Each structure stands twice: as structure tokens, then as C-alpha cells.
Amino acid sequence: MRRPFARTLAGALSLAAGAAVAPLAPAAPAAADSVVIGGRPVRVSDSPWVVALASRDRFGGTRAGQFCGGVVVAPAKVLTAAHCLARQVIGGPVESLRDLRVVVGRTELLGADGHEVEVREARVNPAYDRMTNAGDLAVLTLAEAVPARYVLPMAGPGDEAYAPGTEAAVYGWGDTSGYGDYVTGLRSAQVTVFDDAACEEAYPGGPDGRYRADAMVCAGDSRGGRDACQGDSGGPLVAHGKLIGLVSWGRGCGRADSPGVYTRIAPLIGLVEG
């Protein structure tokens, strides 16, 4: 059985001199026809709240330093996955990433459009459990505000966007096949929100990880082939025009028996707004 993995960028990051990353389990074959896994190219102008986290000092210029995704939830506030800021990913405390930037308004990582905004403060959820990935969220405060049209609303407790069967979309610049085929253009895949019982059956505990309904939401395709993958961590899961989750972890990429697991946003809104 494969161990679950956090979906930070793996193979591409090794291109950066001295880059150390968290070990990831080998991904299973995926039915990918283009992106994230099983998705399509999209323009950031149609989803301006999707951003990339980048540090060229740490990860080099091959992908403009991109190593995770994020989402704008207030003019000067971005959410990402807490594990994106782990020492084994960034090589030390987050303060050591002096060129940490949020790339806003850029579809192609190597393009010249959009802006690279300095991160003034990075705050990891104090309740984040590194062993289970529960509470996998970090809040980035930007040095300058972005336009209000970039902001994506967050879904609160009881929101219908969390209902099983809801169609959702996941966004990112990550692996499109499960074999290290990274893209430089933003992609999105359509997935379906699963009910908690199905998520618990997929991840009952042990070496494959445990799904926690109070802290997580899972989504995918019952036939497989649509999913987030390495490099997509921290990117948004969106349903009914609201943020419901952040790419967190999973077993392989695009497997029918292994939906993607996302940080559930609703219970963390107080932390985000605080």
C-alpha cells in the first residue's frame, strides 16, 4: 500500500540546487488528458483568486520558483497549505525564504503579466497536526493589497457547497500525469464532492492515512482520472463560487479508490479572519 503524501512539488523542485523536499510516495498511473489530473487549461483572468507561491532562491527559475498554490480570500490575505511551509520543503523556517512571493494574475508561470507580491507575514495554523494533516492551513499576509475582484468568498459551516455530489473544481500548476509531468500554465479539473462515509472508507487509518470529517473534505471522480497531484498543494477547491477546501494530501494521483483530500475551510474561518 502506498503511504499518503502531501502534494507539494517533488520532481521539479529537485532541479533547484540543494533543494530538499518531503519524500513522496510513487504515484499510480493516472488517466490524465491534460492537467492537474484529467483537467484542462484555464485563464487566471477567469479565476483571479488562484495564485502561486514562489521562491527562486530556494527552487530556481525553471518554474519561476513555484512550489505550491494558494487562494486570495481578502485583499491582503492568501491561504495555502501549512505543509507547504514545512522545513523539509523550504529548507528552514519560513523567515529564511527572503524572496517568498505570491504570484497574482499570471496564467503562465514564465509569463510577464500579473504581479509578484511580497509576503509580509506567514502564519501556520497552531492546531495543524503534521501526522494527520488535519488543519493543514497557513495564512499569508501580503505587503500590498490586490484588487477586491481577486477575492474568493469562503464557504461557512452548513453551506450547501459541501453537500455530497456537488460539482467542484480544483486549480493548480502541478503534475498532470502522476509521473512528474509538470505544467507552466494554470489548469483546472472538475471533481465531485464525496460523502464522508466514502472518504472514511478510502482512508480508514493506518499507513494510508485517516480521513477526518471535522477537518477535511474529499473530492474526485468515482472512475478515477480527475484529481490534484504534486505541486498543487494549497490550491483551491471551489464549489458554488466559494472556497470549500485547499489541496492537502492523497494516495497516488487520479486513482478511482483514492479521492483527493482537502483541508475543510468552514471550521477555520475564525482563524483566517482573526
Side-chain angles (χ1 to χ4, degrees), residues 6-9 12-13 16 18-22 44 47-128 130 135-152 154 171-174 184 186 231-236 243 246-248 263 265 268-274:
R7 290 171 162 178
T8 46
L9 198 55
L13 295 191
V21 298
V44 78
S47 47
W49 20 265
V50 183
V51 300
L53 271 60
S55 169
R56 291 179 179 81
D57 286 350
R58 174 63 178 161
F59 302 112
T62 303
R63 295 171 48 81
Q66 186 269 346
F67 64 100
C68 273
V71 55
V72 180
V73 295
K77 195 169 291 186
V78 165
L79 302 186
T80 190
H83 75 258
C84 286
L85 304 182
R87 285 176 176 265
Q88 63 265 39
V89 174
I90 62 176
V94 66
E95 294 81 10
S96 67
L97 277 187
R98 297 185 178 181
D99 73 330
L100 178 60
R101 298 290 187 272
V102 166
V103 184
V104 181
R106 183 174 300 168
T107 299
E108 289 286 338
L109 292 174
L110 301 180
D113 54 336
H115 304 280
E116 297 189 11
V117 184
E118 180 182 353
V119 175
R120 187 176 69 194
E121 179 186 24
R123 181 164 49 99
V124 172
N125 176 12
Y128 168 51
R130 291 171 175 80
D136 188 10
L137 175 140
V139 183
L140 308 179
T141 301
L142 304 181
E144 59 184 270
V146 300
R149 66 182 179 85
Y150 285 45
V151 175
L152 181 65
M154 295 178 285
Y171 297 80
W173 286 267
T184 58
L186 179 64
D232 294 322
S233 283
L243 178 66
L246 301 174
V247 177
S248 183
T263 303
I265 292 299
L268 299 172
I269 286 181
L271 173 69
V272 173
E273 296 177 342

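Since this is a predicted model, take the numbers as computed values, not measurements.
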Shortest non-hydrogen pair, Val117 vs Ala143, comes out as CG1-N, 4.3 Å
Answer yes or no: is there a donor N or O on one side and an acceptor on the other, between the side chain of Asp136 and the main chain of Ala82, under 3.5 Å?
-> yes
Leu268 and Met154, any side-chain heavy atoms less than 4.5 Å apart = no
What one should report as the nearest heavy-atom pair of Trp49 and Pro236 is CZ3-CG, 4.2 Å
In chain order, what residues pass the side-chain hydrogen bond (donor to acceptor under 3.5 Å, both in side chains) check against Asp113, with sequence neighbours excluded?
-> none
If we only count heavy atoms from C-beta on, is the Ser47 to Leu186 side-chain gap below 4.5 Å?
-> yes
Check Val73, Val72, Val151 against Leu243 for a side-chain contact (heavy atoms from CB on, under 4.5 Å) and give me the one that passes.
-> Val73
Is there any side chain to side chain donor-acceptor pair (under 3.5 Å) pair reaching into residues 142-152, and which pairs are they, with sequence neighbours excluded?
-> none
Heavy atoms, side chains only, cut-off 4.5 Å: are Ile265 and Leu137 in contact?
-> yes
Check salt bridge (Lys or Arg N to Asp or Glu O under 4.0 Å) between Glu116 and all other residues, then give those that pass, not counting sequence neighbours.
-> Arg56, Arg106
Please confirm whether the backbone N or O of Trp173 pairs with a side-chain atom of Arg63, one donor and one acceptor, at under 3.5 Å?
-> yes
If we only count heavy atoms from C-beta on, is the Asp57 to Leu97 side-chain gap below 4.5 Å?
-> no
Could you list the residues that satisfy side-chain contact (heavy atoms from CB on, under 4.5 Å) with Ser96, not counting sequence neighbours?
-> Pro93
Do Thr80 and Leu140 touch side chain to side chain, with heavy atoms closer than 4.5 Å?
-> yes
After noting the C-alpha distance and the side-chain angles of Val139 and Leu79, does the key distance pass the side-chain contact (heavy atoms from CB on, under 4.5 Å) rule?
-> CA-CA 5 Å; Val139 183; Leu79 302 186; 3.8 Å; yes
State, to 0.1 Å, how close Ser233 and Ser248 come at their nearest heavy-atom pair, and which atoms those are.
-> OG-O, 4.1 Å
Please report the shortest heavy-atom distance between Leu85 and Ala122, naming the atom on each side.
-> CD1-CB, 4.0 Å
Ala52 to Gln66 - nearest heavy-atom pair and separation = CB-CG, 3.8 Å
Considering non-hydrogen atoms only, spot the tightest contact between Val103 and Ala54 and give its length.
-> CG2-CB, 4.0 Å
Backbone N/O of Gly174 and side chain of Asp232: donor-acceptor pair under 3.5 Å | yes
Can you list the residues that meet the side-chain hydrogen bond (donor to acceptor under 3.5 Å, both in side chains) rule with Thr107, with sequence neighbours excluded?
-> none
Judged by atom type as modelled, is there a donor-acceptor pair below 3.5 Å linking the side chain of Ser55 to the main-chain atoms of Arg58?
-> yes
Taking only residues two or more places apart in sequence or in another chain, which ones pass side-chain contact (heavy atoms from CB on, under 4.5 Å) with Ala74?
-> Lys77
